[in-house]
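Read through the structure below, which is laid out as structure tokens, and then see the notes.
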Amino acid sequence: MVLPGAIWMIFFFYIPVLANVVAFKNFQFSPNGFLDSLMKSPWVGFKNFEFLFKSGAAFEITRNTVLYNLGFIILNLIISVTFAIIMSELRNKRLVKVYQTMTLLPYFLSWVVIGYFVYAFLSVDKGLVNQWLTGHGGTAIQWYSDPRFWPFILLFIGTWKNIGYNSIIYFATVMGIDPTYYEASMVDGATKWQQIKNITIPQLAPLITIMTILAAGRIFSADFGLFFNIPQNSGALYSVTQVLDTYIYNGLKSTGDLGTSTAAALYQSVVGFVFLMFTNWLARRVDNESALF
Amino acid sequence: MKKKKITQVSVRQFNKPVNLIFNIIIAIFALSCILPFLFVVAISVTKESAIMSHGYSFWPSQFSFDGYTFLFGQMKSQILQSLLVTVTVTVSGTILNSSIVSLYAYAISRNNFPFRKFFTIFALITMLFSPGMVATYLVTTNLLHLGDTIFALIVPSMVNVFNIIVMRTFFKRSVPDAIIESARIDGASEMRIFTQIVLPLAVPGVATISLFAALGYWNDWFNALLYIQNDNLIPLQYLLMKIQNNLQYLMQNAVAGAQLQGGLASLPGESARMAIVVVSILPIVISYPFFQRYFVRGLTIGGVKE
């Protein structure tokens, strides 16, 4: 019964992990197949890594990846917890269902489609935003070649797409809190705000910890679709939109520099692994129950 | 004396003014989630010349279905081909994914499976470390030779280890050992126990992971971006992406040879492009009310702490 799954894991995890030796080689394709090209490519030691770190690319893409992810973690946490709590206290429950249905929709659409949505607003000559700007005496902004606004755009879109999903997860937990707590607090004359502060948020804390650990463990991997499709992989924006994943992809497909690309990927995997272990250790220290493993 | 009306004391409600303010805030956000979709629909039914002179707008100044007639006229073969690829990949991928995941999860959920520990750890390790995009790419294209085949769209997403772990917990909780024991005493084989007793009990769980798999396959463009060059194997989402980056691609695909030299400008490029967006998300939007219920229930089950 485990056979199909196990074979898949061997081919799509265990062998690729070993194939990471490419990072230490000057990889050349050989006509005699993969193993042959792997064996025959000469070792270069840490040359590929040296190139990556000396070029300055490593710093910029690491900074982008980590800062964006930090932004997403904070924004997602604050907004989706707030929305979940608000929705749980709204009077009209049928309206809450409608809100949930509406906010969940972007989560189910692909980044390509969201990219079109953004384009409809930001297109330089036809987009709604520039039309509005020029209509009000402003000048049109070259959205897809002006890096100034992209950190905000990307943070906004990345958060917007996932709020519905995250707030439903929190909402389910809030609805599961024993109502007698609230009844008791009402008898004691607690205000709504005191109830939220002293009952709802403490009850949500374990889930918040778990969700944050999960996100923090992935702080080194970016959502490829967001950073690739929304700015349309525009070269002029790379300084603020290039993250580890897109850098690795561009290295693999455009420049064809397999060595550096693999080195970057291995760097991402190793640091990501360390991060995951560290956050899990931290969670265990704080609260043994909420650690992942 | 006027009688005071006694209503049920509700502990989980805002008072009226606060309720109204929060309703407005949430409603604005909720609207922002569906407006872009309506916007794209509006553009897709706007006359091309109106788009050219006024840009995109929420309310078409001139209606026209040229975009759609263009899609299902001149671009018909490419659209139908891509639709076929997407549907094939989604259907077969979902079936494969959910059956492999369920089988694996069921096996490691059973206490009497001798290698339970080994295979659990075997799967867990894959979640801790990422093999990296390049190494996976090299193995898929050079060792497995899946490049430019339909399998490249199916196989890389065929197993989801996170879902294996979720399903393992689900099986443990929703399938009591006693039922399996009694079936075994009645002489049922392992496979029969799985298909006739365990699976029916696990329908909500399987439905949830199948849903995720189906959405993943329907929305996938990444595998196509990495592995597909052949125009006959382009799924819808990737077709959209190619057109986004290059409006010319849409024209080239539609027009065979020199037949339409000079006529390019009159083709409904912008509205056709938005029309494909609509076509590619319509199935999701239509089936959405049906699967949302399952989905929310599945999430709630997964959210309960062990």
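In what follows, every chain begins at residue 1, and chains take the letters A, B, ... in the order their sequences are listed. The structure presented is a predicted model; accordingly, all values stated were derived computationally and were not measured.
A heavy-atom distance below 4.5 Å is not found between the side chains of A:Ile248 and A:Lys253. Between A:Asn233 and A:Asn250 there is a side-chain heavy-atom pair separated by less than 4.5 Å.
For A:Ser185, no part lies under 4.5 angstrom from a heavy atom of chain B. Using a 4.5 Å cut-off between heavy atoms, B:Val155 touches chain A through backbone and side chain atoms alike. Contacts of A:Gln131 with chain B are made by side-chain atoms alone, with heavy-atom separations under 4.5 Å and no backbone atom involved. Heavy atoms closer than 4.5 Å to chain A are found in the side chain of B:Tyr288, but not in its backbone. Using a 4.5 Å cut-off between heavy atoms, A:Tyr107 touches chain B through its side chain atoms alone. For A:Val270, the parts sitting under 4.5 Å from any heavy atom of chain B are the backbone and the side chain alike. Only the side chain of A:Tyr14 comes within less than 4.5 Å of a heavy atom of chain B; its backbone N, CA, C and O stay farther away. Proximity to chain A involves both the backbone and the side chain of B:Pro156, based on heavy atoms less than 4.5 angstrom apart. With a 4.5 angstrom heavy-atom cutoff, A:Leu252 touches chain B only via side-chain atoms. For A:Val124, no part lies near chain B; criterion is any non-hydrogen pair under 4.5 Å. Using a 4.5 Å cut-off between heavy atoms, B:Leu31 contacts chain A through both its backbone and its side chain. Within the 4.5 angstrom heavy-atom criterion, no atom of B:Leu96 approaches chain A. Looking at B:Leu215, only its side chain comes within 4.5 Å of chain A, counting heavy atoms on both sides. If you measure heavy-atom distances from A:Tyr249 to chain B, the contacts under 4.5 Å come from both the backbone and the side chain. Within the 4.5 angstrom heavy-atom criterion, atoms from both the backbone and the side chain of B:Val159 approach chain A. Neither the backbone nor the side chain of A:Leu3 comes within contact range of chain B; no heavy atoms are under 4.5 Å apart. With a 4.5 angstrom heavy-atom cutoff, A:Asn229 touches chain B only via side-chain atoms. When heavy atoms are compared at a cutoff of 4.5 Å, A:Trp160 approaches chain B by way of both its backbone and its side chain. Both the backbone and the side chain of B:Leu138 come within less than 4.5 Å of a heavy atom of chain A. In this structure, the portions of B:Phe14 lying under 4.5 Å from any heavy atom of chain A include both its backbone and its side chain.
Of the listed residues (B:Leu144, B:Leu35, B:Val40, B:Val101), the one with the most heavy-atom contacts under 4.5 Å to chain A is B:Leu144. Interface remark: of the candidates B:Phe222, B:Phe122, B:Phe58, B:Phe122 forms the most heavy-atom pairs closer than 4.5 Å to chain A. Highest contact tally toward chain A, considering only B:Phe37, B:Phe129, B:Phe22, is held by B:Phe129 [criterion: heavy-atom pairs under 4.5 Å]. Between chain B and the options A:Ala19, A:Gly272, A:Ser261, A:Ser269, heavy-atom pairs under 4.5 Å are most frequent for A:Ser269. With chain A as the partner, the residue from B:Ala107, B:Ala27, B:Ser280 showing the most heavy-atom pairs under 4.5 Å is B:Ala27. Ranking A:Pro4, A:Ala265, A:Ala120 against chain B, the residue ahead of the rest is A:Ala120, based on heavy-atom pairs under 4.5 Å. Interface remark: of the candidates B:Met274, B:Glu190, B:Lys16, B:His145, B:Lys16 forms the most heavy-atom pairs closer than 4.5 Å to chain A. Across B:Leu240, B:Thr141, B:Ile100, the residue that shares the most heavy-atom pairs under 4.5 angstrom with chain A is B:Leu240.
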As a quick check of understanding, evaluate side chain to side chain donor-acceptor pair (under 3.5 Å) for B:Ser99 and B:Asn97, giving each step before the final call.
CA-CA 6 Å; B:Ser99 32; B:Asn97 182 304; over 6 Å; no

Please determine whether side chain to side chain donor-acceptor pair (under 3.5 Å) holds for the pair A:Tyr99 and B:Asn23, giving the CA-CA distance in whole Å, both sets of side-chain angles, and the decisive distance to 0.1 Å.
CA-CA 10 Å; A:Tyr99 292 149; B:Asn23 257 310; 2.8 Å; yes

Evaluate the side-chain contact (heavy atoms from CB on, under 4.5 Å) criterion for residues A:Ile85 and A:Tyr170: first the C-alpha distance (whole Å), next the side-chain angles of each, then the deciding distance (0.1 Å), finally the verdict.
CA-CA 8 Å; A:Ile85 293 176; A:Tyr170 288 116; over 6 Å; no

Pair A:Tyr165, A:Thr103 - check side chain to side chain donor-acceptor pair (under 3.5 Å), show working.
CA-CA 8 Å; A:Tyr165 176 81; A:Thr103 52; over 6 Å; no

Take A:Gln195 and A:Lys192 through the test side chain to side chain donor-acceptor pair (under 3.5 Å) and record every step on the way to the result.
CA-CA 5 Å; A:Gln195 285 182 3; A:Lys192 196 87 252 172; 3.1 Å; yes

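Side-chain contact, B:Ser157 with B:Asp220: no donor N or O sits under 3.5 Å from an acceptor N or O.
Between B:Phe194 and B:Tyr106, the ring center distance clears the sub-6.0 Å criterion. You'll find the ring centres of A:Phe273 and A:Phe220 outside the 6.0 Å limit.
Taking the six-membered ring for Trp and thresholds of 30 and 60 degrees, A:Phe224 and A:Phe228 have nearly parallel ring planes, at less than 30 degrees apart.
Across all their heavy atoms, B:Met133 and A:Asp245 have their closest contact at CE-O, 3.4 Å.
Judged by the 6.0 Å distance and 45° axis criteria, A:Lys161 is positioned over the aromatic ring of A:Trp111.
Atom OG1 of residue A:Thr191 and atom CE of residue A:Met186 lie 11.0 Å apart, to the nearest 0.5 angstrom.
Atom CZ of A:Phe11 is surrounded by 12 or fewer heavy atoms from other residues, nucleotides or ligands within 6.0 Å.
Between the side chain of A:Lys93 and the backbone N or O of A:Leu90 there is at least one donor-acceptor pair closer than 3.5 Å.
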